[in-house]
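One structure is given below, encoded as structure tokens.
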Amino acid sequence: MSAPEAQTERPAPPPRKGGAAALGWILTIGLNVVAPIITYHQLRDHGWSEFAALLLSSAWPVLDSAVNLAWRRKLDEFAVVTLVFLVITAVVSLIGAHSARALLIKDSGVTGLFGLLCLATLLAPRPLMFYFGRKFATDGTPASTAWWNGLWQYEGFRRTMIVMTTVWGVVYLVEAGVRIALAFVVDTDTMVVVSPVMLYAVLGCLGVWTAMYGRRSQAEGERRAAEAAAAEAGAGAPAA
């Protein structure tokens, strides 16, 4: 394979280890999603304050980071982002009054801060969706992680990660703004239902769009690689 072709064509991912991937996902979902939710609601049911319950439930992502650090000798960025999100939620919960409307507004503010976090990482060496993508697209083994990290050298891959991060950031800022505005014009009983529906609907739409855009970008990259390889082969062929 010639040097130009090697630079253009993306390497195929290594075979995924089903057992490692399944165990990794069980730990990730269990410690970053299920355990914090259960812990929070159990503590609230036993009279703990909103802030204290959120603070204690954030210990689970810390445990996930410790497990990954001991198991794979590296820090899991997904758990770190989850921890940051929980800390932001805890901090926001301390701000202002504790009326039902204020809590709805603060809940919307958390997603808005997440949107700002997405956009802020555009100034970092690699945007947030690069790390989220690595969590979802690999099984966490050194080979698959190295493959994903190596994709950063391709301009098309970098553009895809930047566009994804930008879209997530902008959409969550808009979503937060809409929910905050609705909290002032819609009665609380209705907003208690509307707010989570909006939250998960936006998350679902973003998930579907991300998957579709990722596949389209991959297909475009493969097409360009094939065209470059064909052009190189044609240039190297002897004249008739």
Side-chain angles (χ1 to χ4, degrees), residues 1-16 21 24-25 28 32 68 72 74-82 84-85 88 111-178 199-235:
M1 180 179 291
S2 64
E5 185 178 356
Q7 294 173 356
T8 304
E9 186 176 354
R10 295 185 190 181
R16 294 172 67 93
W25 273 112
T28 296
N32 287 279
N68 274 277
R72 294 172 179 160
K74 70 181 184 67
L75 197 61
D76 187 354
E77 295 86 355
F78 185 86
V80 172
V81 171
T82 302
V84 170
F85 193 76
I88 290 174
T111 58
L113 288 173
F114 178 74
L116 287 176
L117 176 63
C118 288
L119 297 179
T121 62
L122 295 174
L123 303 176
R126 298 182 184 184
L128 186 60
M129 286 302 120
F130 171 84
Y131 300 105
F132 275 27
R134 187 170 68 186
K135 187 69 179 179
F136 284 91
T138 72
D139 57 11
T141 57
S144 62
T145 300
W147 162 75
W148 182 263
N149 292 342
L151 294 177
W152 187 252
Q153 66 182 297
Y154 301 103
E155 189 275 334
F157 179 81
R158 295 195 300 271
R159 183 175 61 252
T160 298
M161 294 298 104
I162 291 172
V163 169
M164 285 181 176
T165 304
T166 303
V167 170
W168 277 68
V170 171
V171 168
Y172 266 117
L173 282 176
V174 172
E175 182 266 355
V178 170
L199 177 64
Y200 288 108
V202 168
L203 178 61
C205 290
L206 280 173
V208 171
W209 173 83
T210 299
M212 293 175 61
Y213 180 73
R215 285 195 296 267
R216 186 168 70 249
S217 298
Q218 181 180 3
E220 179 66 15
E222 292 172 350
R223 182 187 64 80
R224 291 181 179 179
E227 289 178 351
E232 182 182 351

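If you're wondering where the values come from, they're calculated on a predicted model, not measured in any experiment. Heads up: numbering here begins at 1 and tracks the sequence.
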Going through the checks in order, is the side chain to side chain contact (heavy atoms under 4.5 Å, CB included) test met by W168 and T210? CA-CA 9 Å; W168 277 68; T210 299; 2.8 Å; yes

Kindly compute the distance separating CZ (R159) from OG1 (T166), expressed to the nearest 0.5 Å. 12.5 Å

If we only count heavy atoms from C-beta on, is the L119 to L173 side-chain gap below 4.5 Å? yes

To the nearest 0.5 Å, what is the distance between OG1 on T160 and CD on E155? 8.5 Å

Please determine if R216 forms a cation-pi arrangement with Y213, meaning its NZ or CZ atom is less than 6.0 Å from the six-membered ring centre and no more than 45° off the ring axis. no

Compare every heavy atom of M129 with every heavy atom of M161, then report the nearest pair and how far apart it is. SD-O, 3.7 Å

Would you check if F157 and Q218 make a side-chain contact, meaning some heavy-atom pair closer than 4.5 Å? no

Are V167 and V163 packed together at the side-chain level, in the sense that at least one heavy-atom pair is separated by less than 4.5 angstrom? yes

Min side-chain heavy-atom separation F130-R158 under 4.5 Å: no

Step-by-step side chain to side chain contact (heavy atoms under 4.5 Å, CB included) determination, R134 to N149: CA-CA 8 Å; R134 187 170 68 186; N149 292 342; 2.7 Å; yes

Give, for atom CG of L117 and atom CG of L122, the distance between the pair rounded to the nearest 0.5 Å. 10.0 Å

When the ring planes of F114 and Y172 are compared, do they come out parallel, tilted or perpendicular, using 30° and 60° as the limits? perpendicular

Side chains of W148 and Y131 in contact at under 4.5 Å (non-hydrogen atoms): no

Closest non-hydrogen atoms of T165 and L128, given as atom of the first, atom of the second and distance, are OG1-N, 3.8 Å

Give the minimum heavy-atom separation between C118 and G169, together with the two atoms involved. CB-CA, 3.7 Å

